[in-house]
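The structure follows.
Below, chains carry the letters A, B, ... as their sequence lines are ordered, and counting in each starts from 1. These numbers come from the heavy atoms of this one structure, side chains and all, not from hydrogens, waters or symmetry mates. Keep in mind that what you see is a predicted model, and the values were worked out from it rather than measured.
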Amino acid sequence: MQSELSVLFRRRRTWAMLFTISMIPILLAIAVKLSGSTLPPGEGPPFLDRVSQNGMFVGFTAMIMAIPLFLPLTIGVVAGDTIAGEANTGTLRYLLVAPVSRARLLVIKYFGAVAFALAAAFTLMITGIIIGAILFPVGPVTLLSGDVISIPAALLRIFLVVIYVSISLMGLISVGLFISTLTVIPVGAMAATVVVSTVTQILGTLPQIAVIHPFLISYYWLGFADLLRNPMSLTSFASNSLLQLAYIVIFGSLAYSRFTTKDVLS
Amino acid sequence: MNQEVKPQYAIFTTGLTKSFGSHNAVDSIDLRVPRGSIFGFLGPNGSGKTTTIRMLLGLANISAGEVSVLGSPVPDAIGDALPKVGALVEGPAFYPYLSGRDNLIRFDAADRLADPATRKERVAAALAQVGLTQAASKKVHAYSLGMKQRLGIANALLQPRELLVLDEPTNGLDPQGTREVRNLIRALALDGITIFISSHLLVEIEQICTHLAVMSHGKIVAQGSVEELSAGEVMNLTLLTADTALAIEGLNLLGIKAVVDGLTVRAFVPAGDVKPQQIVKTLVELGVGIQGFTLLAPTLEERFVLLTGEGFDVER
């Protein structure tokens with residue numbers, strides 16, 4: 001596991017993605033700072049109006065902007081690469097002969113990708129806090145419900161948001177892992193995973209199929225706003241976790257059954 | 001049934017079959033690789049060699065038959081055997097963005113039974129064995145084919161192994177490298193390690209192997225120790241002399257039918273029938289002036305083509 005993490009985080013590509021993710025809050029903050037005008041509350045992405053008042057909101061706004069496309073994109077890259085990438089470089093057969101059991105390989109690859117998701121969410125928030133502190137006044141945070149909480153309490157909630165978002169992505173990672181076992185072309189697996197993420201979100205906007213909405217992987221993705229209420233509402237946290245767990249179980253089993261029975265010809 | 005036969009065989013298969021659809025790439029083969037042997041695995045392209053190797057290593061599913069590697073049935077107990085097996089299969093493969101050393105560390109870390117404390121030393125020792133110590137810090141995407149090949153062999157040597165499965169080990173190596181690999185193989189065999197080599201370089205195989213198996217169209221057409229396979233063979237006798245008529249007489253005396261070809265007398269002599277010393281003695285006593293004399297076994301290439309056919313097309 002340690003080897004997997006070290007290999008994953010030593011790749012230039014991983015750092016390039018983390019760097020680009022960190023640019024989101026930075027660009028956001030600079031844009032707000034330079035525009036100077038204050039938006040009426042309710043316009044633009046959520047929390048954008050509060051950014052100029054309190055730098056702590058940079059992270060949240062950036063997260064809301066990143067979750068629909070950019071985070072799933074980077075997750076798709078890492079998750080799609082898990083097995084297909086090894087097959088493509090030809091190293092899969094040498095890992096299996098090392099020996100690594102197929103189940104163990106799947107688990108290690110999965111949690112490597114989860115570690116990346118955590119790192120990505122964390123990077124985004126931390127950069128947001130730092131740039132927000134640099135460019136805007138920082139003070140006690142006014143929540144959606146109107147209450148004011150202290151900075152340490154706000155930091156705790158930020159931490160919870162990072163966890164929430166990472167959990168949100170765990171289901172998608174398991175889908176990506178499964179797709180990765182189906183092909184030896186990593187780019188294909190990456191693209192397919194991103195397509196899955198995009199399509200589920202599109203489906204989530206169609207009122208005609210509202211009945212399946214709660215089962216879509218992205219249903220609770222923006223639900224971390226609930227963590228910013230007082231009292232903190234953990235219901236969407238719990239529902240999200242359950243939903244992701246279901247996806248992990250389903251696609252994890254699919255990946256397991258596929259990977260343990262197929263011939264490794266690469 | 002399998003348990004008794006295991007100890008003296010590193011690889012033991014019964015009726016091993018691999019079918020793709022209706023076509024049997026590997027058709028019920030009984031492979032017997034004795035422990036401690038240097039086993040040459042030959043066959044034309046498409047004969048099923050690589051598929052067999054993949055099945056032995058647990059990479060491909062077995063359609064029918066039984067396999068045991070180092071006493072452990074495959075695929076049920078393959079995890080017991082694989083730590084003791086080092087492999088180079090269908091060419092080396094590495095992470096291009098890591099250095100040679102880091103690649104070996106990665107593969108060693110993947111092996112649960114490899115002791116992390118000795119990792120550095122073992123990786124260094126493996127690199128030294130293949131002559132890559134200087135180049136170990138370069139990223140693999142900068143490696144030449146021969147360097148990757150050496151690194152692949154080093155990967156097979158990270159731990160003390162009982163069985164080495166080497167697919168074209170000298171591919172891309174310069175003459176020094178080829179010699180080194182040959183010496184390395186011999187040294188490892190002396191330590192009792194079983195070496196299973198698949199190669200098209202028949203000259204190489206001839207020089208180092210103690211046992212052979214030849215595959216053709218998914219079946220094993222010849223298998224056994226080199227002595228067993230050479231017995232019953234016919235040697236080529238070539239005699240350079242001016243006294244051709246006398247020579248023919250002399251050979252007839254020994255029961256050898258010969259033909260004249262200019263200044264050369266040729267004959268086929270069943271192996272073991274008549275010793276070359278005897279032939280020379282008889283001819284010299286008759287007064288035949290011998291300018292050149294060879295009594296040679298057919299080369300492995302000739303035997304191979306005999307077994308597998310002259311056709312150029314890939315089998316399947």
Side-chain angles (χ1 to χ4, degrees), chain A residues 1-18 77-78 81-112 115-116 181 184-187 256-266, chain B residues 18 20 25 50-51 53-63 69 72 75 77-99 102-114 116 119 139-141 148 151-152 155-156 158-159 161 165 167:
Chain A
M1 185 69 218
Q2 182 198 350
S3 160
E4 175 65 28
L5 287 176
S6 108
V7 169
L8 179 62
F9 283 97
R10 271 182 1 191
R11 292 189 73 162
R12 265 203 302 243
R13 181 173 76 188
T14 309
W15 287 104
M17 288 196 291
L18 287 177
V77 168
V78 174
D81 199 39
T82 44
I83 302 294
E86 299 282 357
N88 191 257
T89 52
T91 47
L92 182 62
R93 60 182 186 271
Y94 288 108
L95 281 177
L96 290 177
V97 163
V100 178
S101 80
R102 300 205 185 189
R104 191 169 136 239
L105 185 64
L106 281 177
V107 168
I108 289 185
K109 282 291 183 183
Y110 178 77
F111 282 105
F116 175 78
T181 61
V184 298
I185 303 172
V187 184
Y256 177 82
S257 76
R258 163 76 185 167
F259 191 53
T260 49
T261 53
K262 84 165 184 178
D263 288 344
V264 174
L265 296 174
S266 57
Chain B
K18 175 72 177 169
F20 293 108
T50 312
T51 315
I53 293 178
R54 281 188 185 266
M55 283 194 284
L56 293 176
L57 294 172
L59 295 172
N61 293 317
I62 297 171
S63 304
V69 173
S72 308
I78 185 106
D80 296 333
L82 280 180
K84 302 178 253 178
V85 178
L88 177 63
V89 183
E90 276 192 287
F94 297 102
Y95 301 96
Y97 47 86
L98 294 181
S99 74
D102 288 337
N103 264 289
L104 291 185
I105 291 179
R106 159 89 166 160
F107 286 121
D108 195 62
D111 181 6
R112 255 193 172 155
L113 296 177
R119 183 159 300 150
K139 300 244 188 296
V140 167
H141 66 73
K148 285 187 196 154
L151 194 61
N155 182 29
L158 284 173
Q159 288 253 64
R161 310 280 190 193
V165 177
D167 192 1

So which heavy atom on A/Pro99 is nearest to which on B/Leu82, and how close?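 That closest heavy-atom pairing would be CB-CB, 3.6 Å.
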Shortest non-hydrogen separation from B/Ala93 to A/Arg93 and the atoms involved: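 For B/Ala93 and A/Arg93, the tightest heavy-atom pair comes out as CB-NH2, 4.0 Å.
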Side chain, backbone, both or neither: which part of B/Asn103 has an atom under 4.5 Å from a heavy atom of chain A?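 Neither part.
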Can you name the one residue among A/Asp263, A/Leu92, A/Val264 that meets side-chain contact (heavy atoms from CB on, under 4.5 Å) with B/Leu59?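 Considering A/Asp263, A/Leu92, A/Val264, a side-chain contact (heavy atoms from CB on, under 4.5 Å) with B/Leu59 is found only for A/Val264.
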Rounded to the nearest 0.5 Å, what separates atom CG in B/Asn61 from atom OG1 in A/Thr260?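 Taking CG in B/Asn61 and OG1 in A/Thr260, the distance rounds to 9.0 Å.
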Taking every heavy-atom pair that is under 4.5 Å apart, which of B/Ala114, B/Ala81, B/Gly58, B/Gly91 has the most such pairs with chain A?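 Looking at each option in turn, the highest pair count goes to B/Gly91.
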Taking the side chain from B/Tyr95 and the backbone from A/Thr89, do they hold a donor-acceptor pair closer than 3.5 Å?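 Absent.
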Compare every heavy atom of B/Ala87 with every heavy atom of A/Val97, then report the nearest pair and how far apart it is.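 Result for this residue pair: CG1-CB, 3.9 Å.
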Less than 4.5 Å to any heavy atom of chain A: does that hold for the side chain of B/Lys18, its backbone, both, or neither?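 Side chain only.
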Any chance CZ of B/Arg112 has more than 12 other-residue heavy atoms, nucleotides or ligands included, within less than 6.0 Å?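 Open: at most 12 neighbouring heavy atoms sit under 6.0 Å from CZ of B/Arg112.
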For B/Phe107, is it the side chain, the backbone, both or neither that has a heavy atom under 4.5 Å from a heavy atom of chain A?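 Contact with chain A involves both backbone and side-chain atoms of B/Phe107.
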Please determine, among B/Leu88, B/Asp108, B/Val165, the option with the most heavy-atom pairs under 4.5 Å with chain A.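 Of B/Leu88, B/Asp108, B/Val165, B/Leu88 has the most heavy-atom pairs under 4.5 Å with chain A.
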For B/Ile78, which atoms come within 4.5 Å of any heavy atom of chain A: side chain, backbone, both, or neither?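 Nothing of B/Ile78, per the 4.5 Å heavy-atom cut-off to chain A.
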Under a 4.5 Å heavy-atom cutoff, which of B/Gly79, B/Pro96, B/Pro92 has the most pairs with chain A?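 Of the candidates given, the most pairs with chain A belong to B/Pro92.
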Using heavy-atom distances under 4.5 Å, tell me whether B/Pro75 contacts chain A through its side chain, its backbone, both, or neither.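 Neither part.
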Quick check on B/Arg54 against chain A: is it the side chain, the backbone, both or neither that has a heavy atom closer than 4.5 Å?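 Side chain only.
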At a heavy-atom separation under 4.5 Å, does A/Arg12 approach chain B through its side chain, its backbone, both, or neither?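 When you check distances to chain B, no heavy atom of A/Arg12 falls under 4.5 Å.
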More than 12 heavy atoms of other residues, nucleotides or ligands under 6.0 Å from OH of B/Tyr97: yes or no?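 Yes, the 6.0 Å shell around OH holds more than 12 heavy atoms from other groups.
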Given a strict heavy-atom distance threshold of 4.5 Å, which part of A/Ile108 is in contact with chain B: side chain, backbone, both, or neither?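 Looking at A/Ile108, nothing touches chain B.
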Looking at A/Leu95, A/Leu105, A/Val100, A/Leu96, which one has more heavy-atom pairs under 4.5 Å with chain B than the rest?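 Highest number of pairs under 4.5 Å: A/Leu95.
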Look at atom CD1 of B/Ile62 and say whether more than 12 heavy atoms of other residues, nucleotides or ligands are closer to it than 6.0 Å.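 Enclosed.
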